Amino acid sequence: MEDQTALLAELNASWFASGLEPETAMRLAGLARSYSAEPGQELFREGDPSELFGVVIRGRIALRTLVPERGPITILTIEPGDVFGWSTVVPPYRSTSSATAIEPLEAIVFDAAGIRAAMRSDCQLALALYPRIMVAVSRRLNATRLQLLDLFAAEQVKTW
Amino acid sequence: MVTTAPARSGRPTADGPGFLGRDDLGVLLDLLRDDGRTLIGPTVDDGTIVYDEITSVEDLPHGVTDEQSPGRYRLENRDGERLFGYVVGPTSWKRWTFPPAVELNRGTRDGHRVTFEATTVKPPKLAFLGARACELAALAVQDRVLMGGEFVDPDYILRRANVLVVAVQCMTSASTCFCTSMGTGPEVTGGFDLSLSELDGGFLVTAGSTAGRELLERLPVRAATAAEKYGAAAVVAGVRAQIGDPVTVDGLHDRLMAQLDHPRWAQVAERCITCGNCTLACPTCFCTGITQVTDLTGENAAMERRWDSCFSPGFARVAGGSFRSRPRDRYRQWLTHKFGTWWDQFGTTGCTGCGRCITWCPVGIDVREELNAIAPAISLAPEVVLVEPVAATPNDFVTARVIATKQETPDTVTLTLTGTDPAFARGGTGQFAMVALPGFPPLPISISRFHADGIELTIRGAGPATRAMAALQIDDQVGLRGPLGNNWPLDRAVGRDLVIVTGGIGLAPLRPVIDTIIANRRRYGDVKLFYGARTPADLHYRAELERWGTRDGLDVSLTVDRAGPEWTGPVGVVTQLFDQAVWDASNMIAFVCGPERMMQATASTLAGRGVPASRTYVTLERHMECGIGLCGHCQMGKYFVCRDGPVFSIAQLGEIFGREGI
Amino acid sequence: MHGTEVPKGADERLYEVTELTRVEGEGSLRLRVRDGKVVEASLGIFETPRYFEQIVVGRTPDEVIDIVARICGICPIAYQMSAVHAFEDLFGVAIDPAVRALRRLLYCGEWIESHALHIYLLHAPDFLGYESAIAMAADHRETVEKALRMKKAGNHLIGILGGRSVHPVSVRVGGFSRVPRRRELEAHRPALAESLELAKETVRLTASLPMPAFAREPRVVSLRHPDEYPYNDGRIVSSDGLDLRPSDWGEAFEESHVERSNALHARAKDGKGVYLVGPAARVVLAADQLHPVARELLAETGMAELIRTNIYASIVARAVELVHALAEAIDIIDAYRPPAEPMVAWTSRPGVGAWATEAPRGLLFHRYEVDERGRVAAAQIVPPTSQNQAAIERDLVVAAPNVIDLPQAEATVRLEQMIRSYDPCISCATHFLDLRIEEED
Amino acid sequence: MQHGQVGAHPRVGVVKFASCDGCQLTILNLEDELLSVVEHFDIIDFPEATSARSAGPYDVLFVEGSVSEPAHLERIVELRKRCRTLVTIGACATAGGIQALRNWGDHDAFRASVYAHPEYIHTLAKSTPIADHVQVDAELRGCPIDPGQLVELLTALVTGRRPQLIDEAVCMECKRRGVVCVMVGKGIPCLGQVTQTGCGAICPRFGRGCYGCFGPREQANAAGLARYFEAVGDRTTEDVGRLFAGFTAYSEPFRSMVSDLGGTRWARGEGAVEAAPAGGGDARN
């Protein structure tokens, strides 16, 4: 049995859950559990049904995508405080990349079916969580755009 | 009506006015020549009145006047023998005080040895004959810009000191004149040695300086009559009435700067050919560029400074592109500088209302119309912003010798230089040096470390000049000017937590900051360094990064944009390292350096994490050539990045930060 | 050297240069000798045509002056001169005498530049056994430096008058867009005077060169003027009595697109066949009008007759003309007073304007039809090289017996040298010459 | 720039396509520098100047002339393979040259107009710049190129710096030299504002308008200038079109100006009188 109080404290300290109404936070903590993984352990795989949604407490996750003939490429790492597995709550509920722990990982994860059901039935919860998920996704999008700009690339210089 | 009988004899008072008979004008010319001066004055050449060398009164235009309108200039015959019955032509006096091309220095490279020898001019003694009120104002503006500030142009000072100015009151105006609006004319009121008002029989002569008084005493003049004085004043009053007041200058700075997004900028860019004629015809425009003049061996090179124009696409170009890539940006730059930010920089207008930019615009664009369309008159007081001073600098290149080289990344090298100018020992964090090899354009390079007897420069070989610098070996020499620019505000960081966010070679200008912090660790709170690079191999100063994070007590976070499996650190943009951070920003200050787009994203993330704009500092890259605010290339709104920066707070920059085409 | 021997049977030899060097433009040489007899002699032209006679259609006379200069980078002034005179003749423009003198001076500049280039950089290496003037400079640096000084003097003179030596910009119908001030020309006088001395040395040097044996009796054609050595003005005369207005070239000559060679040859209508234009022709027909300095030097060489009969000696004629052009340039500068106006006003009128002037390489004829709107409706341009082409091919035949006993490579060089004696300007010729014999079936 | 062998001089070739030879002549016209140039460069192929020939490889290849006939298409690709740095010299190579005016016209009519037997003439329908076919590393503009810019380029090659071929309007040079603007002062149409400088503002210095032989400068507002020409000075659309139809007419945006202003209809002899019978009548249709 999880220690829900400890979980709640951890959650409240995270960016994702900070500032939630107490009842909503309790409801969320009720759906949460501790999760840990060893370095190298794969959390989920690109294209598979997305079942793992949570917040990194300690350690780092690499998001990778498979490029034929180049193997898995790390496109982003997830730092403590950030969420992972947001596709669990966004249709069609399939992972958009593969995730691997690259450091000893401690996280809080939510039961996928449970949170989807809760967000369908509990307007308060949905209203509190969806903006946070949107923020997480939009940050991811902005960071990706900046990466696309390849700002540090060497200028293509011709002979002159 | 003045009916008093005029005094027919006697000398004028010390300053005049005296009356010089028409036939005696030659005496004035002779006196000036006897003083060893070359006379420059109006003369007709190829259907136009230009300023050129003249030898006698015969060379002056006789009985002609000019008809001017936007994009059109013609000479007409005028009744009588008047010598000054026209206004200003295409030439302005800056041709002599600030010539189109000036050799700055000569450099040679002989094996390792590099020498730069400043070129010193012995400017000729000149007399300007026939300067108008708007032109005296223009000389005053250039005096202010080129020798009235902290940094001065020694060439200008020498040339200007050798000029004696004989002014002339205007007796007519062109349709393009608007000195009345700019408050510079038409009355000649000061800034001359002698001034002339042409009347039928001769000239009223007034002295405006000691030299002028001495000349006046030697001229065959008599005291002017009241009728003559009245007549001269009436003529110029008539000119004022003719011109009217086409532009309301009151509050123009603010009105203009509030209209940076006005659709008219794009409309005028449809007509503007961006040829640059207006800027070079303008008597106050001072922008220049440096050209390398080399012999075929490349061993002997001269740097030549030439008139440049903010209308040329390459003017604001840095590696990677131009900051003002669209014609509309360049037109806006010119107009807002001339009528707006010139006030911020020099406390004066940049326009004297001479109308040259209107007449000599080949397609007849009229700045008065553009100003009235973009910034119609409403009254606002202009805000004067004080510019923070920066360190003093020599005006010549000194040579320094490479004593160590270190390959930081495949294309980046850190050079340790010794024998630098002693000023570098007093240099501060964030400053840069203008670095030159003979034959190559000098480049601004951030100082990446200060030593007691030298500096380090970290150089990425991106173009031919930087490649040549990055290829320097031990004992090779290089030319330096500096240290230039302002500092990171480390004094504001004392007792605060400091966040340093940087990417790629952007760590170089921040390395002296880190050096200072480590040397005085207790004066600062938590210091977090967030550093991003393209790949792990592109991280600079890797051994030091390691040391800073362990021994030196900094919180170092690294990230890369792309990495192989051997990299277990963060992957992603540098903002991601702290965009989740829940930290206490109340006492935090941030220093940011990287590509401009990266700095924008960082500033916005920092703002979201609670660091105020007034405590978020960035260092900007612009096209810098002179390094001291005298060549115009790095202008950004009201700032010269080289002189007022390169370090700015986000609050200082306001909405110009990240705006296209500023 | 690209000469190759192609055995075609027991006694057939092919002397071939697939790409002539040290000539202007792209051409080839082909001489086939069977049993001691020449069965084929051709100067092949493979320069790409550029259709100038069509490009000028629809343009104003002043635009045409700019455009036709681009036919040739070495003698653009010749093209500008023939064109401007053709238009002025049609429009009845009377130019100021000072403008006439400046036109002559401009032409002097081109002759100096072109002749110095040809003598030293293109032709002399043949006589002295070098592949180029660059190679020659290793042994004769001073000579090459002197040549460059003369060439520069000519180029600089053109620059003063027209802004730049290649495709100058100032020639306009009615005069010039700008004329120089006296002091601009006077400042250049010392360089011209120095070059005149160098040119005198050049005459002596060229006269001392070993001249390959060669003899033929050519029909020569050039302008001749009663008072001056021919540049822009005079009548078209020949060694056998032709005498025409410079606008009437077409009465005595014509060009045709001959299928055999796919080239437009110029030929005399009187059936007398080939003729020669250029420095040798001018020296033959107008030696008495040479500047005294040049005339005396020509007499001193005693080569007047050789110049007439031996094409290799044209290098001496060119050197004599170099002296003439420099001496005359100095005289014109000394006498120069700027005209009241650089240009006189003119009015277009429809009709046909034609004129011939003396390009460095010989007679250059232009003919324009101008329409009611003042635009060119049709043009004909006959450069010297096209007039000389038949003579070149004839001379290849004449030269054959002299080279047939030489080793193949040497013989080929000798033939190339003979072609270079004409200073052929293939870029000029090409706007109306065809390029590829082998593509004909 | 680095070259194959340490200490060796760059191997230089000079080749031509359709052109007047004036640009390569400009190399020989560097009278003051020529002997110094050959000390810094090995000129291995330059048919106009030397009988010594080489097919490369070249460190630097100067290419004059436009691609104008079928054989040129293969030749330029082949040459590109054999050189490290390819520099186009002059308006033909950089813009297609004056001969590119045929690009608006009927090629067959052009051939027939000059040649009695056009079936033997092999030219491409269009005359095009070298850069339309292969990568070009640097270009010297102008008809002809400017000797000063040529020396600058050679110097840059020797020293390894970027050649200073500044992209600004001819006007800048006029103003620096104190030349009075011919448009403002005399009403003469001038392309200087839209033309890249490098010539030293020759035409305005000689009292006439620039005819654009250095080609359009970056972001040249040719349309704005054309509108002004039409609005001021009593010019027809065709007059304005002909201004742009010069030695660099096929370079954008001059090309669009020529097209937008009616192409080269005038060159097809509309309104022309009948062709004359005499002289070279048989060489025309």
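What you see is a predicted model, and the numbers here were worked out from it, not measured in a lab. In what follows, chains are A, B, ... by sequence order, proteins preceding strands, each numbered from 1.
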- Message: Nearest 0.5 Å, please: how far is OG in Ser165(C) from CD in Glu31(D)?
- Response: 7.0 Å

- Message: Once rounded to the nearest 0.5 Å, what's the spacing between atom CZ of Arg70(C) and atom CG of Asp21(D)?
- Response: 14.0 Å

- Any idea which heavy atoms bring Ser132(C) and Ala49(D) closest together, and the distance? CB-O, 3.2 Å

- Item | Close side-chain approach of Arg50(C) to Cys20(D), heavy-atom, < 4.5 Å | yes

- Query: Does the distance from a Lys or Arg side-chain N to an Asp or Glu carboxylate O, for Arg141(C) and Glu39(D), drop under 4.0 Å?
  - Reply: yes

- Heavy-atom check, side chain of Leu101(D) versus side chain of Arg59(C), under 4.5 Å: yes

- Distance from Arg178(C) atom CZ to Arg205(D) atom CZ, nearest 0.5 Å? 8.0 Å

- Answer yes when Arg242(D) and Glu63(C) have at least one side-chain N-carboxylate O distance shorter than 4.0 Å, and no when they do not. yes

- Task: Measure the shortest side-chain to side-chain distance between Phe52(C) and Ile98(D) over non-hydrogen atoms and say whether it is less than 4.5 angstrom.
- Result: yes

- Go through the structure and list residues passing side chain to side chain contact (heavy atoms under 4.5 Å, CB included) with His40(D), not counting sequence neighbours. Leu296(B), Thr297(B), Ser36(D), Val158(D)

- Taking C-beta and beyond as the side chain, do Leu28(D) and Leu148(C) meet within less than 4.5 Å on heavy atoms? no

- Message: Need one label for Ile74(C): side chain, backbone, both or neither, based on atoms under 4.5 Å from any heavy atom in chain D.
- Response: both

- Cys203(D) and Val169(C) have their tightest heavy-atom pair at SG-CG1, 3.6 Å

- Which is it for Glu238(D) and Arg373(C) under the salt bridge (charged side-chain N to carboxylate O under 4.0 Å, His left out) test, yes or no, and what are the steps along the way? CA-CA 12 Å; Glu238(D) 183 195 307; Arg373(C) 297 190 308 155; 3.6 Å; yes

- Task: Taking Arg164(C) for its side chain and Ile202(D) for its backbone only, find out whether a donor-acceptor pair lies under 3.5 Å.
- Result: no

- Query: Should Cys213(D) and His167(C) count as side-chain neighbours, where that means a heavy-atom distance under 4.5 Å?
  - Reply: no

- Message: Which residues pass the side chain to side chain contact (heavy atoms under 4.5 Å, CB included) test with Ser177(C), not counting sequence neighbours?
- Response: Ser170(C), Arg172(C), Phe206(D), Arg208(D)

- side chain to side chain contact (heavy atoms under 4.5 Å, CB included) partners of Ser195(C), counting only residues at least two apart: Met150(C), Ala153(C), Leu326(C)

- Which portion of Arg375(C) sits near chain D, non-hydrogen atoms under 4.5 angstrom: side chain

- Note on the structure: chain D shares the most heavy-atom pairs under 4.5 Å, among Pro168(C), Ala135(C), Gly162(C), Ala147(C), with Gly162(C)

- Message: Does any part of the side chain of Glu113(C), heavy atoms only, come nearer than 4.5 Å to the side chain of Leu25(D), both counted from C-beta?
- Response: yes

- Item | Proximal component of Asp62(C), with respect to chain D [non-hydrogen, under 4.5 Å] | neither

- Could you tell me which residues in residues 143-151 of chain D have at least one non-hydrogen atom under 4.5 Å from a non-hydrogen atom of chain C, sorted by residue number? Cys143(D), Pro144(D)

- SB check Arg53(D) Glu131(C) (cutoff 4.0 Å): no

- Item | Donor-acceptor under 3.5 Å (Lys152(C) side chain, Asn29(D) main chain) | no

- Query: Can you name the nearest heavy-atom pair linking Phe247(D) to Asp66(C), along with the distance?
  - Reply: CZ-O, 3.5 Å

